[in-house]
Amino acid sequence: MCCKGFLKVMMFVFNGVIFLAGAVILGVGVWVAVDKVSLLGILGNIEDAPPELAQLANIGYVLIGVGVFLTLIGFLGCCGAIKESKCMLLSFFSIVLIIFLVEVAAAITLFVFEPLVQKALDEIGLKVVKSIEAEYGKDESFTSVWNSTMSELKCCGYYNYTDFMGSQFVATTSLYPVTCCASSLRPCNLNEANKEPVVGCFQVLVDLIENNAVLLAGVALGIAALEIAAMVVSMILYNNVGR
C-alpha cells in the first residue's frame, strides 16, 4: 500500500508538470496569435509564399492546440491515478507513447534531412528579400512590422542592409532603416550602412538558437525522461489496480 501510494503521488507530480507545461504553452500560443507585430506577421504577408511558410505564420494556433492537448493529458493522468481507472491509465500510456515516438521520429528526420532544411531556409530567404523589395516603404503595415521586428531584435533585413536596395523606401529617400546603421548620429545612407554592417534578423535568430542549444537539448532530454517515467509509473499502477 505504501508503495502504491508513492506511485500515485509520483503519477500526480508527473502529470502536474505536464499540465503546467501545457498551460504555459497555451499562454504562449495565445500571446503569439494575438501579437501581430512580429516576424510571424512578416512571414504571413510574403507574396507567392509556399504553403509551408504561410502555415508557419499560424504557429500561435498550433501552440494553442498543443497546450490544450497537454493539459488534457495531464488531467487524464491525474484522474486515472486517483480513481485507479484502468481505462484512463491505459489511455494515458498510449497517448504518451505515441507522442514520444513522434518526437523521436521528428528528431531523427531533422538530423538526417538537415541539408534539405537548409535548402528550404535559403528558398524562404529569397522569398522574404523579394517581399522587402516589393513592399517595404510602399505598404505601411508591412513596413511597420519590419521596423518593429528589426528594432526589437537589433537587426537589419533578413540577411543585411542589401535586402532594401531595390525597395521603394531606398529609391525615394536614398536612406536605409535606422537599425541598419551601427550609429544613429548620422542619416543611415549607403555609406553608413556599409561601414559597420548590422547582422540580419535571420542570423540573429540562428545565433539565439545556437547560443541556447545546450539549454534546449537539456529541456528536450528532461521532457523525454519525464515521459518515460510517466509511462512506467502508469503501467505499474495499471497492473496493480484491483490488487
Side-chain angles (χ1 to χ4, degrees), residues 28 31-60 62-63 110-111 113-217:
V28 173
W31 174 72
V32 172
V34 172
D35 182 22
K36 299 299 182 182
V37 185
S38 65
L39 191 57
L40 297 177
I42 294 172
L43 295 176
N45 287 311
I46 296 175
E47 280 191 32
D48 300 324
E52 295 81 3
L53 188 58
Q55 290 300 321
L56 184 60
N58 297 321
I59 192 172
V62 175
L63 291 175
L110 185 61
F111 178 77
F113 295 100
E114 184 178 356
L116 294 179
V117 174
Q118 184 60 49
K119 182 180 178 181
L121 290 175
D122 292 337
E123 292 177 354
I124 290 173
L126 293 175
K127 294 284 186 181
V128 174
V129 172
K130 287 182 180 179
S131 70
I132 292 175
E133 293 176 348
E135 302 295 336
Y136 191 85
K138 181 180 179 181
D139 186 290
E140 184 177 348
S141 176
F142 182 87
T143 304
S144 176
V145 169
W146 261 111
N147 288 339
S148 299
T149 301
M150 292 188 295
S151 177
E152 184 174 345
L153 298 180
K154 303 295 187 295
C155 57
C156 173
Y158 188 81
Y159 292 116
N160 52 41
Y161 72 94
T162 59
D163 298 344
F164 297 93
M165 283 185 169
S167 68
Q168 180 175 313
F169 179 79
V170 174
T172 56
T173 65
S174 297
L175 297 175
Y176 290 79
V178 293
T179 52
C180 293
C181 294
S183 174
S184 59
L185 298 178
R186 299 179 182 178
C188 190
N189 53 33
L190 179 60
N191 291 333
E192 292 296 321
N194 195 34
K195 282 182 180 178
E196 298 181 47
V198 177
V199 68
C201 295
F202 173 70
Q203 189 59 47
V204 169
L205 293 175
V206 171
D207 292 341
L208 181 64
I209 293 174
E210 289 180 349
N211 293 337
N212 294 280
V214 175
L215 176 61
L216 293 174

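The shown structure was predicted, so the numbers you read here are calculated from the model rather than taken from an experiment.
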Q: Supply the atom-to-atom distance T179 OG1 to Y161 OH, rounded to the nearest 0.5 angstrom.
A: 14.0 Å
Q | Residue pairs fulfilling disulfide (SG to SG under 2.5 Å) with at least one residue in residues 131-160, sequence neighbours excluded | A | C155-C201, C156-C180
Q) So, does T143 use its side chain to make a donor-acceptor pair with the main chain of D139 at under 3.5 Å? A) yes
**Q.** Residues in salt bridge (Lys or Arg N to Asp or Glu O under 4.0 Å) contact with K154, at least two apart in sequence or another chain
**A.** none
Q | Salt-bridge criterion met for E133 and K130 (N-O under 4.0 Å) | A | no
**Q.** Closest contact, heavy atoms only, G125 versus Y159
**A.** CA-OH, 3.5 Å
Q.
If you compare all heavy atoms of M150 against all heavy atoms of P177, which two are closest, and at what distance to 0.1 Å?
A. CE-CB, 3.8 Å
Q.
How long is the straight-line distance from CG of L153 back to CG of D207, given to the nearest 0.5 Å?
A. 11.5 Å
Q) Of all residues at least two apart in sequence or in a different chain, which pass the ring-ring contact (aromatic ring centres under 6.0 Å, His included) check with Y136? A) F164, F169
**Q.** Under 3.5 Å: donor-acceptor pair, side chain of T172, backbone of Q168
**A.** yes
Q: Would you indicate whether the side-chain heavy atoms of W146 and V128 approach each other to under 4.5 Å?
A: yes
Q. Is there a side-chain contact between M165 and Y176, using heavy atoms and a 4.5 Å cut-off?
A. yes
Q: Taking all non-hydrogen atoms of both residues into account, name the closest pair between S167 and I132 and its distance.
A: CB-O, 3.7 Å
